[in-house]
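Keep in mind it's a predicted model, so treat the numbers as computed, not measured. Hydrogens, waters and symmetry mates play no part in the numbers below; they use all other heavy atoms, side chains included. The sequence lines fix the lettering, A, B, ..., with proteins before strands; numbering per chain opens at 1.
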Number of protein chains: 2
Amino acid sequence: MKFAKIPMATISRLSIYSRTLQELMEEEVDVISSERLAKQCAVNPAQIRKDLAYFGEFGVRGVGYRVGDLLNQIKEILGLNRPWNLGMVGVGNLGSALIRHANFLRHGYVFTAAFDVDPQKVGRRLPSGVVIKHLEEVDEVVKDRDVHVGVITTPSSAAQSVANQLVLAGINGILNFAPIQIQVPNCCHVENVDFTIKLDSIAYHLSSNG
Amino acid sequence: MKFAKIPMATISRLSIYSRTLQELMEEEVDVISSERLAKQCAVNPAQIRKDLAYFGEFGVRGVGYRVGDLLNQIKEILGLNRPWNLGMVGVGNLGSALIRHANFLRHGYVFTAAFDVDPQKVGRRLPSGVVIKHLEEVDEVVKDRDVHVGVITTPSSAAQSVANQLVLAGINGILNFAPIQIQVPNCCHVENVDFTIKLDSIAYHLSSNG
DNA sequence: ATAATTATGTGATATTCTTCACATTAATTT
DNA sequence: AAATTAATGTGAAGAATATCACATAATTAT
């Protein structure tokens, strides 16, 4: 399904395009030009066309892109034409907030499992119906609940060890909220979400100019 | 304080270096080479040296970098040698989890204000002691509580309007968790945190190879 | 039918970012 | 004191990414 070497940045932008297209659909917009879409996504119009060109021709010259079609095509490209099951590791403040957070479901991601090591938490049933399991049981639960992606919200100190266990349990994708660079074999793809890095970036910009 | 045009990516990496250096300090490591630091940060050693070279010379040839010194220098560069006050807008699941989340405090970020539009929430006092204010009062509260950066965790539909109000209230930095590209004047710096984009990226990688 | 208009798709160009490779400098050893 | 070793700092090369500019194709108007 993959042709040339696709820039990482292209993939991220496809997500952004899909978000905007979803909104446009809800506003019942039928057709949109790369120029207007670009403005809403805060990118260059040629960028959108280039990004799409890696995968084929999806527009109509002189007209633009059919919103619904393009959205479907992008979802197809990203592999979002199927459900993805998530397993949360670390059911603290952040973890339980994320499980309840509507955006995941809205984009087709479902938490089918949750893990912790705190005996007080293990066995508790979350509002979503998921029962918190002990991390020791990760192998079975990943198979039982068909977990595809692990989401780590443990303290940094535990993150690497958790990642190791997830990989051993057959997980190939990890979304890591711990502010540490975890090391995994090539078979596994890690994405990091670190808000404090973003805040540092804001701090820099607010400090360094005048 | 800024010299050449510094790559955005350099700034993000400086944050990562600082996280690792902080850990190294706690492990009482005195000196580290770019090679060993690079391995821990999962980057190229030359990258670290280049990144630092934008701002000066911080190492000792033949030796490496003094951990404590380098950490201080990086914090200085990023503008982290002072406290930064945050104002949360949207005290839902995610918002309140973030306010309680220890990582912000650990890196010198404090929530000194919180806003919502839900009358049920306005007036409530959070565990941290911060009282939730109505968004209408944003102008006064930003001044009173000396808020530097706004953190948006509202639904997407409200995010742009919230951003406008923050900018009018004098805020120049926004951390946006809503999955939408908000438009702001140049004086304001926005950073986006969108986990579903990261998940899409994972989905793509898990789908497209074999 | 033909011309005019519009907006895509894409080769060429420009820019930005990363890595290499080595000269430079500090410390250590002989 | 000279030679050796080690690791930084950096110009140059390379790779990746973004933008331009225009040929191409679809639609609309004459």
What residues from residues 183-195 of chain B pass a heavy-atom cutoff of under 4.0 Å to DNA chain D?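 None - not one residue of the stretch has a heavy atom sitting under 4.0 Å from the strand.
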Taking only side-chain N and O atoms of [X], does any of them lie within less than 4.0 angstrom of OP1 or OP2 on [N]?
X	N	value
B:Y54	C:dC17	no
B:S34	D:dT8	yes
A:Q47	D:dT19	yes

### Message
Is there a side chain to side chain donor-acceptor pair (under 3.5 Å) between B:Y65 and B:D30? Walk through the geometry before answering.
### Response
CA-CA 8 Å; B:Y65 300 90; B:D30 276 1; over 6 Å; no
Determine whether a donor-acceptor pair (one donor, one acceptor, N or O, separation below 3.5 Å) exists between the side chain of B:K50 and the base of C:dT19.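 When only heavy-atom distances are counted, B:K50 does reach the base of C:dT19 through a donor-acceptor pair under 3.5 Å.
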Regarding [X] and [Y], is there a side-chain donor-to-acceptor distance under 3.5 Å anywhere?
X	Y	result
A:T10	A:D51	yes
B:E76	B:N72	no
A:T20	A:Q40	no

key: Atom pair distance, as rounded to whole Å: CD in A:E57 and C1' in C:dT10   =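 Checked: the CD to C1' distance equals 10 Å.
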Output the rounded distance in Å from CG (B:N44) to P (D:dA13).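 It is 18 Å, rounded to the nearest whole Å.
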_Check this for me, if you would: do A:E26 and A:R106 make a salt bridge, where the nitrogen-to-carboxylate-oxygen distance has to be below 4.0 angstrom?_
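Looking at A:E26 and A:R106, the cut-off is met.
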Could you walk me through whether B:R13 and A:D200 pass the salt bridge (charged side-chain N to carboxylate O under 4.0 Å, His left out) check?
CA-CA 10 Å; B:R13 279 191 301 264; A:D200 287 356; over 6 Å; no
In 5'-to-3' order, the base (B), backbone-only (S) or no-contact (-) status of each nucleotide in nucleotides 21-30 of chain D, using a 4.0 angstrom heavy-atom cut-off, is B--BBSS---
Does any part of the side chain of B:H148, heavy atoms only, come nearer than 4.5 Å to the side chain of B:I171, both counted from C-beta?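 Side chain of B:I171 against side chain of B:H148, heavy atoms only: no contact under 4.5 Å found.
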Query raised in the report: Between D:dG9, C:dC17, C:dT8, which nucleotide gets closest to the side-chain atoms of A:Y65?
Result: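 Nearest to the side-chain atoms of A:Y65, counting from C-beta on, is C:dT8.
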> Looking for any heavy atom pair under 4.0 Å, which part of the strands does B:R36 touch: base, sugar-phosphate only, or nothing?
Replying inline: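 No contact.
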Determine, stepwise, if the pair B:S156 / A:R19 fulfils side chain to side chain donor-acceptor pair (under 3.5 Å).
CA-CA 10 Å; B:S156 300; A:R19 301 275 177 288; over 6 Å; no
